[in-house]
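One structure is given below, encoded as structure tokens.
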Amino acid sequence: MFGSHFQRLAAGIAIAGLVAMAGAALAADPLTIEQIWGKPPLLTPLPTPTWVGDSKGVSLSHDVTGQDGKKHPAFVIRDVPSGREYVIARLDQIPVPDDLKKDNPKFEIEDPVWSKDGSRAAFVFGGDIFFIDRFGKVERVTESGAEEKDPAFSPDGHWLAYTRDNDLYTRDLERGVEIRHTSTGCDTVYNGVLNWVYMEELFTRGNVRAYWWSPTGDRLAFLEIRDGMVPEYPIVDQVAQPATWTMQRYPRPGDPNPEVRVGVVDAASRAVLWTDVETGPDNYIVRVNWLGDSSALAIEKMNRNQDHLTLLFADAATGKSDVIMEEKSPTWINDTYAKYFYEKKRQFLWGSERDGHMHLYLYNLDGSLIRQLTKGDWEVIELAGVDEKKGRIYFTANEGGVLEQHLYRVDESGKNLKRISAEEGTHEATMSPDHKYYVETYSSATRPPRRSVCNTDGKRLFDLGDQSTGAFASLKLPAPEYGTLEHDSLTFYYRMLRPANFDPTKKYPVIVYLYGGPGAQMVQKVWTKNDLYLRYLAQQGYIVFTLDNRGSTGRGKAWEDPLLKRMGRIELEDQLAGVDYLRSLPYVDADRIGIWGWSYGGYMTLEALFNAGDVFKVGVSVAPVTDWRLYDSIYTERYMKLPKDNEEGYNASAPLNDVAGYQGHLLLMHGDGDNNVHMQNAVSLVRKLIDNGRDFDYMVFPGKEHGIAGSKDRVFLFRKMTEFFDRNLKAAGSVSPGATPAP
């Protein structure tokens, strides 16, 4: 879920400069946890814009000032390129239908999907689909009593597709006729909808759509996911009276997986054509695209070990498929959305790590390579868009250095590579449909995100929102420093925040903040959701240190591969190298080093406390995996493979098996509604700690999922974490760690 890059710096910065920087932080009142996570938060969330289909504007919802001088919620369009704002509709003036009022007192427009001509947008409100046009006219499209999801216009605008109760529907917009294409949808069969594990691990997280319009707009491809063979896990609401529960289909390593096949329907017909591409129990469908002429589907199929990827073209008229190309890896394949099938040319773009880094390749439709388009000791992060008319390919990458991410373009010839974004830091881009503009989200190590509309020369046309203004602008916060250290003939990047009033003659406690797992890079010139809290810790007198170990992303495949079949070991070895560097600094108290992380970072916190307790005295672990046999099959088997083939690796990678080595102070926190890393992970660890006579602190957040969202919960969590570090790491003469306290 995440990527960026940074300029290489020498390890160490002049002490005088650091003292000046820390002194500057005193010019403002210190941060508080209530400021960071309270209501309203210090950093107001940025608006989420959507490109209008004709590329002549972006739509968003935000408050506008009415004639009465008061703020009112509105749906607006910002014209591109002028930036002029047009109020399409005041949301508080749109009446909520009587049958929806009970659960939806105020009208809202979220995640609108525009028709290609930009004349109207579809959105879901109260479980039904509505339209709104450019003049503010609102029309209710469905009134079924069930919940519709994920509407999408056909490219020609004649049809609207959506799902209801796990079945796929289309609506003829000229005749107002609804057609139901599948009838098997239920709790264990998903048609055009992703189940949990496919959404979380293979397709875009948070997006449940699993159908795709053909370019000609007359057919849809969709996934049928059969989940009935997958074991269930109960998620219990302990606050409800009486308690209630839901059963989640959740495959764990070695469990039966969902079985998936790809179907094609004509928008006007109830007949389903099934392709011959099916997964069975030991394969996955990881991507589906249409060829530009709508003649066939490009389907990517992966084996269960995820080390063999096959691209097949399935004829849309017969369902018969042919193998076009294959990729194999001795470890695993990181599949990517960096794929594009041309509309006008018989060729496609393909992202691959075959040379050790993620780069772009151009192919003929017969699978023959035309040329490699990007190359070097750097990574393509995302494919932003393809301008077929100009023959230009836009993408984000860390070509300028591993600590930053910028927008680039390259010609189809593989020549004229050009960096478009300029400001130091991290740039993400969402291109307009005509590829003349893009919405940029930009942040750096010292400024929170700004969202803007830019042209493809990189010129910023106007801003949509900027978190660095308002209350944040008056803060004087210490800037992180970046550096490198050497270990095992490798170069590691780190980030460090020093305390306010930093005095190099004193010794300070250190908190190591980490994630450590695949798919994430923590040491970047980017603003993250925890950046204010990390600066808060610095203001409380801590050095905050983060190092990207092997296994993290952004450094190429060879940097990730050491995790194969044994998670936790290499990551901890590298984190200990970071601690060795810290201990070499005269102002670090080597006897007061703590650690904290969330999810994989929570797992690594346990690995550190249980296997290097002489180094890490205090740890806070939030929502950790405690045994990889308890996590989902797709993620875990990618790196650990099947338990029957790697029993030793699973045993060695489980903190549950290392409790006897625990010496320090642990605060364990978990939401009991977590459907990602199940609460069973925490409860199993609690049992082991008690059985081994080890003392610890434990906090459960009732009804909260993996992110433990909500202002009150976040304030409570981070206040408790801070107090725990203050008591056990900062304070002198803390109680003897590890042992059970006397009654």
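Values in this document were obtained by computation on a predicted structure and should not be read as measured data. All heavy atoms count here, side chains included; hydrogens, waters and symmetry mates do not.
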Tell me, please, which residues at least two apart from [X] pass salt bridge (Lys or Arg N to Asp or Glu O under 4.0 Å).
X	value
Asp632	none
Arg569	none
Arg249	Glu232
Lys557	Asp561

Heavy-atom distance under 4.5 Å between the side chains of [X] and [Y], does that happen here?
X	Y	answer
Arg252	Pro231	no
Tyr337	Asp335	no
Leu630	His678	no
Ile708	Trp598	yes
Asp167	Arg164	no
Thr605	Leu514	yes
Lys149	Val124	no
Thr50	Asp111	no

message: Quick check on ring pair (Phe, Tyr, Trp, His ring centres under 6.0 Å): which of Trp350, Trp212, Phe348, Tyr363 does Phe341 satisfy it with?
response: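 It is Phe348, the one option of Trp350, Trp212, Phe348, Tyr363 that forms the ring pair (Phe, Tyr, Trp, His ring centres under 6.0 Å) with Phe341.
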Could you tell me the separation between the [atom1] atom of [X] and the [atom2] atom of [Y], rounded to the nearest 0.5 Å?
X	Y	atom1	atom2	result
Tyr211	Leu168	OH	CG	7.0 Å
Lys704	Asp674	NZ	CG	12.5 Å
Leu312	Thr275	CG	OG1	9.0 Å

field: Where at least one partner belongs to residues 293-320, residue pairs that pass ring-ring contact (aromatic ring centres under 6.0 Å, His included), sequence neighbours excluded
entry: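 Applying ring-ring contact (aromatic ring centres under 6.0 Å, His included) to every pair that reaches into residues 293-320, excluding sequence neighbours, yields nothing.
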- request: Apply the test side chain to side chain contact (heavy atoms under 4.5 Å, CB included) to residues Leu656 and Leu685: give CA-CA distance (whole Å), side-chain angles for both, the deciding distance (0.1 Å), then the verdict.
  value: CA-CA 6 Å; Leu656 281 180; Leu685 180 59; 3.9 Å; yes
- prompt: Got a sec, which pairs hit side-chain hydrogen bond (donor to acceptor under 3.5 Å, both in side chains) with one end in residues 255-265, sequence neighbours left out?
  reply: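 Matches after skipping sequence neighbours: Glu224-Arg261, Asn257-Tyr284, Asn257-Ser633.
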- prompt: Do any pairs count as a side-chain hydrogen bond (donor to acceptor under 3.5 Å, both in side chains) and have a residue in residues 644-654, sequence neighbours left out, and if so which ones?
  reply: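 Sorted pair list: Arg629-Asn651.
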Testing the 3.5 Å rule here: is there a donor-acceptor pair between the side chains of [X] and [Y]?
X	Y	value
Glu571	Asn549	no
Gln238	Asp672	no
Glu178	Tyr162	yes

message: Checking Glu705 now: which residues fulfil side-chain hydrogen bond (donor to acceptor under 3.5 Å, both in side chains) with it, not counting sequence neighbours?
response: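 Applying side-chain hydrogen bond (donor to acceptor under 3.5 Å, both in side chains) to Glu705 gives none.
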What pairs with [X] under ring-ring contact (aromatic ring centres under 6.0 Å, His included), at least two apart in sequence or on another chain?
X	answer
Phe222	Trp274
Trp290	none
Tyr603	Tyr600, Trp628
Phe701	none

Counting neighbours of [atom1] on [X] that are heavy atoms of other residues, nucleotides or ligands and sit closer than 6.0 Å, is the number greater than 12?
X	atom1	result
Asp187	CG	no
Lys339	NZ	yes
Arg371	CZ	yes

query: Salt bridge check: are Glu148 and Arg171 linked by an N-O gap of less than 4.0 Å?
result: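 Answer for the salt bridge query: no.
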field: Candidate list Asp266, Thr170, Asn191, test side-chain hydrogen bond (donor to acceptor under 3.5 Å, both in side chains), partner His181, passing option
entry: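 With His181 as partner, side-chain hydrogen bond (donor to acceptor under 3.5 Å, both in side chains) holds for just one option, Thr170.
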field: Check against side chain to side chain contact (heavy atoms under 4.5 Å, CB included), Val380 and Trp378
entry: CA-CA 7 Å; Val380 170; Trp378 49 275; 4.0 Å; yes
- request: Kindly determine whether Asp658 and Glu607 satisfy side chain to side chain contact (heavy atoms under 4.5 Å, CB included), including the steps that lead there.
  value: CA-CA 8 Å; Asp658 296 325; Glu607 286 285 288; 4.0 Å; yes
task: Would you check, one step at a time, whether the test side chain to side chain contact (heavy atoms under 4.5 Å, CB included) holds for Tyr515 with Gln521?
output: CA-CA 8 Å; Tyr515 180 77; Gln521 182 182 351; over 6 Å; no
